[in-house]
Amino acid sequence: MHYFDCGKIQYEGPSSKNPLAFKHYDPSAVIAGKTMKAHLRFAAPYWHVMRNELSDPFGPGTAQMPWDDRSNAVENALARIDVFFEFLEKTGIDFYCWHDRDIAPELNDLAASNAALDAVVEKLKAKQKETGVQLLWGTACLFQHPRYAQGAATSPDARVYAYAAAQVKKALECTHALDGLGYTFWGGREGYATLLNTDMKRELDHLAAFLHMAVDHAKKIGFQGPFYIEPKPREPSTHQYDSDAAACLNFLREYGLMDHFKLNIETNHATLAGHTMEHELTVSANAGRLGSIDANRGDTLVGWDTDQFPTDIYLTTQVMLVVLEMGGFTTGGLNFDAKRRRESHEPIDLIHAHIGGMDAFARGLKIAHAIREDGRLGDFVKARYSSFDSDIGAQVEAGEASFESLEAYALQGGEPALASGRQEMLENLINEFI
Ligand code: XUL
Ligand code: CO
């Protein structure tokens with residue numbers, strides 16, 4: 001049975017008018033010594049592709065899912081896998097991500113839920129082997145079930161904490177069984193609604209203990225990691241502890257977890273935190289901790305996590321500038337944590353949506369590479385800091401300056417004549433390439 005009304009999507013080049021073709025994503029084209037496919041490492045999220053029914057707070061789902069009987073049966077979960085792999089094959093996406101509860105149902109008790117996972121993982125393993133698809137990362141859903149309403153690893157209730165630990169233990173083992181390249185923690189409910197009832201210090205200590213136990217368990221089972229933390233400031237919690245990249249890095253340092261964790265940065269989370277994606281990526285990359293990307297975008301007019309497909313060429317260019325600068329992904333990739341609009345309810349819309357995201361990133365890659373090859377942008381930034389390359393500036397960078405030596409320099413140097421930052425000129429330069 002086939003559910004997506006198209007063949008395998010082909011690269012037809014920029015002049016093609018075929019909506020079911022790539023105009024820019026040419027998987028085997030080589031840029032800077034690597035194929036586009038190897039640079040971009042596209043991944044599809046099981047939750048949006050297979051499970052998102054496209055409901056919103058005002059109405060039920062609209063998505064047509066003729067393959068899904070909407071039951072909690074393991075057979076239904078197994079049947080979805082074939083449809084998902086048809087989708088991956090047609091879009092040419094080689095990686096995927098899941099939550100435990102996306103791929104298998106949560107049943108009456110933990111043991112039954114774990115058994116359902118085992119059955120599903122066995123089939124996923126066979127499908128991966130047959131197709132060469134790889135698991136980019138797995139994660140446990142610690143935010144949907146009502147038991148997690150007050151948090152999971154930051155729950156005030158130790159019994160809930162234990163349940164969450166058991167769930168992560170199993171999800172980690174399943175990730176490892178599927179040779180997963182990473183494991184993500186997104187703390188949807190790890191935060192609070194009011195400090196009136198919250199002991200923040202204790203909750204953060206508990207969260208750190210939880211993550212240390214995850215690291216210990218990974219060692220025990222031979223999972224090489226990395227673990228990722230995915231920052232997001234709010235929604236569903238009013239305040240989430242992993243609010244942005246800087247807060248996550250500080251937490252990891254404070255609790256001695258830095259060596260085991262990288263960050264998974266998502267565009268719509270960056271903007272909810274009041275930052276640009278570029279900012280969050282740069283903060284992570286500067287700390288050597290940019291691991292993976294949840295590639296989507298928000299809506300400038302809607303103040304929540306709309307998880308739209310990334311189609312903005314400026315955005316994809318900025319993302320790829322940072323990714324190229326850090327030398328590319330290692331274990332990570334570009335996971336389209338994005339959903340169709342509620343109005344786009346047909347299965348083929350999933351294909352259109354991913355074509356758009358993939359083409360936008362292919363363009364971002366080409367443009368970012370051209371900007372780097374051109375060199376003017378890099379040269380400008382280098383020249384802007386050139387006073388730190390010699391003399392007093394070099395002494396500062398070498399740790400050889402003091403307030404006394406800087407004062408002596410300022411006294412004899414007079415008023416510094418500042419050079420222009422040339423923001424507009426640089427914006428024009430970027431537009432030359434876009
Ligand atoms: C929620 C979100 C999640 C994580 C995985 O905003 O981004 O889907 O990516 O739990
Ligand atoms: Co995400």
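Keep in mind it's a predicted model, so treat the numbers as computed, not measured. Remember, it's 1-based here, ligands and their atoms both numbered in the order they're listed.
Atoms of ligand 1 lying under 4.0 Å from at least one heavy atom of H99, given by number and element, are 5 (C), 8 (O), 10 (O). Each of the atoms 6 (O) of ligand 1 lies under 4.0 Å from some heavy atom of D305. Ligand 1 places these atoms under 4.0 Å from at least one heavy atom of W47: 8 (O), 9 (O). Close approach of ligand 1 to D294 (heavy-atom distance below 4.0 Å) involves ligand atoms 9 (O).
Side-chain contact check for H352 and D349: no donor-acceptor pair (N or O, by modelled atom type) lies under 3.5 Å. Side chains of N431 and Y314: a donor-acceptor N/O pair is present below 3.5 angstrom, by distance only. Donor-acceptor pairing under 3.5 Å is lacking for the side chains of D94 and Q134.
Here K127 pairs with E130 in a salt bridge; the nearest charged N to carboxylate O distance falls below 4.0 Å. With salt bridges taken as basic N to acidic carboxylate O contacts below 4.0 Å, none links E173 and K220. Note on D305 versus K232: salt bridge recorded, some NZ/NE/NH1/NH2 to OD/OE distance being below 4.0 Å.
Heavy atoms of N268 found under 4.0 angstrom from ligand 1: none, in either backbone or side chain. Of the heavy atoms in D307, none comes closer than 4.0 Å to ligand 1. Residue contacts with ligand 1, taken as heavy atom pairs separated by less than 4.0 Å, involve E266 solely via side-chain atoms from C-beta onward.
Classified by interplanar angle (parallel below 30°, tilted 30° to 60°, perpendicular above 60°), the ring pair F251/Y255 is tilted.
Between atom OG1 of residue T154 and atom CG of residue D205 there is a gap of 12.0 Å, rounded to the nearest 0.5 Å.
Heavy-atom separations between H48 and ligand 1 are all 4.0 Å or longer.
For NZ of K34, the number of neighbouring non-hydrogen atoms (other residues, nucleotides, ligands) closer than 6.0 Å is greater than 12. No more than 12 heavy atoms of other residues, nucleotides or ligands lie within 6.0 Å of CD in E325, so this atom counts as exposed by the packing criterion.
When only interatomic distances are considered, the shortest N/O to N/O separation between W186 and ligand 1 does not fall below 3.5 Å. Taking distance alone, with nitrogen or oxygen atoms compared against 3.5 Å, T139 stays at or beyond that limit from ligand 1.
Only protein atoms were considered; those of element N, O or S under 2.8 Å from the Co ion (ligand 2) number 4.
Screening N296, N52, T267 against D307 for a side chain to side chain donor-acceptor pair (under 3.5 Å) leaves a single residue, N296.
The residue from K339, E230, K232 that puts a heavy atom closest to atom 7 (O) of ligand 1 is E230.
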